[in-house]
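Source: prediction; values computed, not measured. All ligand and atom numbering here is 1-based and tracks the order in the structure.
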Amino acid sequence: MLEIKKLNKYFGDNHVLKDIDLQIKSQKTTVIIGSSGSGKSTLLRCINLLETPDSGIISWNGDELDFSRKIPKSKCQAFTKKTGMVFQSFNLFPHKTALENIMEAPVTVLKKNKDKAKKEAMELLHKVGLEEKKDSYPHQLSGGQQQRIAIARALAMKPEILLFDEPTSALDPELEADVLNLIRELSKEEYTILVVTHNMSFARDVSDEVVFVNAGEILAKGSYEELTKLDNERIKQFLSFLN
Ligand SMILES: Nc1ncnc2c1ncn2[C@@H]1O[C@H](COP(=O)(O)OP(=O)(O)O)[C@@H](O)[C@H]1O
Ligand SMILES: [Mg+2]
């Protein structure tokens, strides 16, 4: 289980995350919702240490980082490796093929043997339904296909948690469905998933737990069903935008 305690993050005077307490259960899917600018991306970026929190604790099955103290770089790197991030804008390497994109980190970061990395990358291409695109470059792929490659690339590192930051918000609705279906499939498997989305029907379908973030604070958490029953206009209004 991933546990976050009293996590704070400032950008200058802007107090973006305020005493965030959150537990993310292993092999479950947690969905983060909330309006734009409320700190959702920053929370994900703090979990994979793309941003360094100013205070608080993040622990993974008891192995903890306390940000009020200096943390050795090696410990941070080990922690980052536990996470696999999928960004809104895909962020594939433009001069590498789909297959090379997936193999890159296992070979360079994990020092995996190339043949083994290739075999695993082909299995992942199969998993995301894009084997026939193995030699295509990102610009030859649709946005939805690029995002599925980005998901395969994240899976290649065998992360303990998958982080998705609005994975379909750069996609046309007809391309969105393939990516959402893939995440739905992953959520039925053993993966631990944390996903930020504005798509409420997806949130309802896929979530074991929903976390509503508002102005850097967690306003509510529970099952989608439980959140719909809360007597809070702001949350009700948000959840009513079913796509
Ligand atoms: N790198 C950054 N530098 C300065 N301010 C930032 C940075 N990233 C985010 N912010 C600010 O932090 C707040 C939360 O942003 P963000 O986490 O992106 O929200 P969300 O993902 O919910 O839309 C916003 O006020 C935003 O302007
Ligand atoms: Mg965001």
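The shortest N/O to N/O separation between Gly39 and ligand 1 falls below 3.5 Å.
At the top of the distance list for atom 12 (O) of ligand 1, counting protein heavy atoms only, stands Val16 CG2, 3.3 Å. In terms of protein heavy-atom proximity, atom 3 (N) of ligand 1 is nearest to Phe11 CD2, 3.5 Å. Of the protein's non-hydrogen atoms, Asn14 ND2, 3.2 Å is the one closest to atom 25 (O) of ligand 1. Lys40 NZ, 2.8 Å is the protein heavy atom nearest to atom 22 (O) of ligand 1.
Cation-pi geometry between Lys9 and Phe11 is met: under 6.0 angstrom from the ring centre, within 45 degrees of the axis.
At least one heavy atom of Ser36 sits closer than 4.0 Å to an atom of ligand 1. Heavy atoms of Gly12 stay at 4.0 angstrom or farther from ligand 1.
Judged by distance alone, the side chain of Glu3 and the main-chain N or O of Ser59 form no donor-acceptor pair under 3.5 Å. Using a distance-only test at 3.5 Å, with no hydrogens or angles considered, no donor-acceptor pair links the side chain of Arg45 to the main chain of Glu51. Looking at Lys158, its side chain never comes within 3.5 Å of a backbone N or O of Leu155 through a donor-acceptor pair.
Contacts with ligand 1 closer than 4.0 Å are made by heavy atoms of both the backbone and the side chain of Thr42. Residue Val213 does not touch ligand 1, judged by heavy-atom distances below 4.0 Å.
The pair Asp178-Arg148 meets the salt-bridge criterion, since a charged nitrogen lies less than 4.0 angstrom from a carboxylate oxygen.
With a 6.0 Å radius and a threshold of 12 heavy atoms from other residues, nucleotides or ligands, Lys118 has its NZ atom at or below the threshold. Within 6.0 Å of atom NZ in Lys18, more than 12 heavy atoms from other residues, nucleotides or ligands are found, so the atom counts as buried in its surroundings.
Taking each of Ala215, Cys46, Gly37 in turn, the one with a heavy atom nearest to atom 23 (O) of ligand 1 proves to be Gly37. Of the listed options Ser35, Ser41, Gly216, Gly34, Ser41 places a heavy atom closest to atom 21 (O) of ligand 1.
At a cut-off of 2.8 Å, Thr42 is not counted among the residues with an N, O or S atom near the Mg ion (ligand 2).
Near Ser38, meaning under 4.0 Å from one of its heavy atoms, ligand 1 places the atoms 19 (O), 20 (P), 22 (O).
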Glu226 and Lys229: salt bridge (charged side-chain N to carboxylate O under 4.0 Å, His left out), yes or no, with the steps? CA-CA 5 Å; Glu226 282 164 358; Lys229 289 180 186 144; over 6 Å; no
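Ring pair His198/Phe238 is tilted by interplanar angle, where 30° to 60° counts as tilted.
For atom 6 (C) of ligand 1, the protein comes within 4.0 Å by at least one heavy atom.
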